[in-house]
Amino acid sequence: MAETMTTIIPAPRARVQAMMEYHPPLGCRDSLRLDFNENTVACSPKVRETLAGISTGHLTRYPERGPVEAIVAAHLGLAAEQVALTNGVDEAIHVLFETFLEAGDELLLPVPTYTMYEVYASSTDARVVAVQAADDLQFPFERLLAAITPQTKIVAIANPNSPAGSVATRAQLLEIAYRAPHAVLLVDEAYFHFCGETVMDLVGVAPNLVVARTFSKAYGLAGLRLGLLAAPVELMRWMRRVLSPYSVNSLALACLPPALEDAEYLDWYVKEVLAARGEFEAALDAANVRRWPSQANFVLVEIGAKHAEFARRMRDAGVLVRDRSSDPGCDGRVRITIGTREQMRHAIVALNEVLAALRSGC
Ligand code: PMP
């Protein structure tokens with residue numbers, strides 16, 4: 001019987017069949033990690049203490065996000081109902097898109113930008129409308145405004161944006177929110193701490209503004225997977241229908257209050273990165289490497305045709321960097337995360353050696 005049975009495999013939705021599986025280039029990252037814009041040192045010691053004190057009994061219970069959402073909301077000056085914790089900003093993006101995008105809708109994006117917007121949009125029936133930045137990779141404000149149509153349902157803007165670290169001003173973001181009242185404006189403030197500009201205070205004021213933040217970058221908790229959505233209650237109540245009640249695990253929930261309380265640690269790390277960014281940019285200028293002005297914890301540099309070899313040789317020298325050549329308009333460009341001054345001095349030595357070898361053709 002078994003031999004004669006034809007194999008029938010259930011088919012996924014057509015949209016899913018057309019999707020690509022997204023594989024971030026992780027794997028063997030024991031060197032200096034300047035490739036994923038994470039904190040390159042550690043999280044707050046207060047988080048470490050909390051983790052050490054978690055009992056096995058605590059792990060037997062389902063996580064309860066409500067009380068921690070109230071703490072985070074108070075920290076942000078928002079009402080508890082305006083904040084939802086998520087399994088990283090990635091889940092926040094996923095939930096937002098699943099809630100609002102359907103056939104005929106358009107997702108408007110300035111590109112290059114964070115890859116996961118397109119990945120999550122590709123599982124919906126919406127169309128992605130990408131607005132290419134000019135060679136300076138500055139925020140393409142006027143062209144983005146011109147691309148708003150009655151079908152625009154979400155405008156997603158990472159601010160600062162990746163991979164260049166460019167920013168949209170508060171006035172520009174407000175203008176977009178005002179000119180597209182029928183669309184949700186997502187402002188993804190994953191790198192907010194390194195720039196200081198925010199529109200979080202406008203959540204609930206601008207009726208279509210949604211802000212996302214992550215604890216993966218400055219806070220050093222990428223492994224715990226913690227992000228948040230802040231939105232007016234009228235939008236949030238729809239997103240809560242889509243959001244899993246248990247997607248933020250109890251270890252992450254326990255660690256969030258001490259991470260927020262330890263302002264001193266966060267301050268130290270951010271100041272260290274900003275000082276290191278200044279030194280690193282000066283070293284790039286001295287080495288005649290074109291760079292884009294960045295307000296985040298990374299810098300995009302022009303390497304040219306030997307970009308892949310550059311990334312490979314840097315890895316051999318113990319420094320991981322991220323080749324962004326396949327991003328739209330980024331051929332030959334590599335993104336380098338900024339760590340501490342000590343780490344970046346090590347990176348500069350490696351960079352100068354690798355560039356010398358590439359330039360001399362060795
Ligand atoms: N948004 C932007 C702009 C990012 O660059 C990243 C991570 N690289 C994320 C969101 C993802 O954050 P999380 O780790 O919280 O999912």
Side-chain angles (χ1 to χ4, degrees), residues 22-26 29 33-40 43 47 65 72 83-98 107 109-121 130 133 137 139 154-168 173 185-195 197-200 210-230 243-244 247-249 251-253 255-256 259-260 273 292 294-300 320-324 326-328 330 334-339:
Y22 178 61
H23 285 288
L26 296 163
R29 295 180 68 230
R33 292 176 288 107
L34 305 185
D35 49 351
F36 277 83
N37 303 339
E38 299 150 312
N39 177 313
T40 57
C43 61
V47 170
R65 67 203 313 156
V72 177
V83 173
L85 291 172
T86 57
N87 191 278
V89 166
D90 283 355
E91 189 195 24
I93 299 165
H94 199 182
V95 165
L96 176 74
F97 288 11
E98 290 297 320
L107 166 69
L109 291 178
V111 296
T113 191
Y114 182 47
T115 315
M116 294 310 286
Y117 304 133
E118 285 215 38
V119 172
Y120 288 130
L137 297 181
F139 180 56
I154 297 181
V155 185
I157 298 171
N159 201 40
N161 202 356
S162 177
S166 56
V167 290
L173 294 170
L185 170 61
L186 169 67
V187 180
D188 177 352
E189 295 187 348
Y191 302 103
F192 149 75
H193 295 93
F194 305 102
C195 142
E197 286 273 311
T198 180
V199 287
M200 190 63 92
V210 174
V211 177
R213 290 262 180 99
T214 183
F215 293 85
S216 296
K217 310 296 178 184
Y219 285 97
L221 297 173
L224 279 185
R225 309 305 300 127
L226 261 175
L228 67 86
L229 275 168
L243 185 63
S244 154
S247 60
V248 181
N249 71 68
L251 298 186
L253 290 173
C255 291
L256 196 38
L260 287 177
V273 167
W292 280 259
S294 170
Q295 302 233 32
N297 65 333
F298 50 84
V299 177
L300 188 72
L320 303 174
V321 296
R322 190 81 181 271
D323 189 351
R324 301 288 353 174
S326 53
D327 285 12
C330 287
V334 172
R335 193 189 64 197
I336 304 176
T337 301
I338 305 295

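Note that ligands are numbered from 1 as they come in the structure, with each ligand's atoms numbered from 1 the same way. All of these numbers come straight from a predicted model, not from anything done at the bench.
- When every heavy atom of G220 is checked against every heavy atom of C43, the shortest pair comes out as O-CB, 3.6 Å.
- K217 NZ to F298 CZ: the interatomic distance, rounded to the nearest 0.5 Å, is 8.5 Å.
- Interatomic distance, D327 CG to R322 CZ, rounded to the nearest 0.5 Å: 8.0 Å.
- Checking N161 against T113 by side-chain atom types alone, a donor-acceptor pair falls below 3.5 Å.
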Task: Pair Y191-N37, side chain to side chain donor-acceptor pair (under 3.5 Å): steps then yes or no - done: CA-CA 9 Å; Y191 302 103; N37 303 339; 3.0 Å; yes
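- When V211, I157, V199 are each tested for a side-chain contact (heavy atoms from CB on, under 4.5 Å) with L185, only one passes: I157.
- A distance limit of 4.0 angstrom between heavy atoms and ligand 1 selects the residues G88, V89, D90, Y114, A158, D188, A190, Y191, T214, S216, K217, R225.
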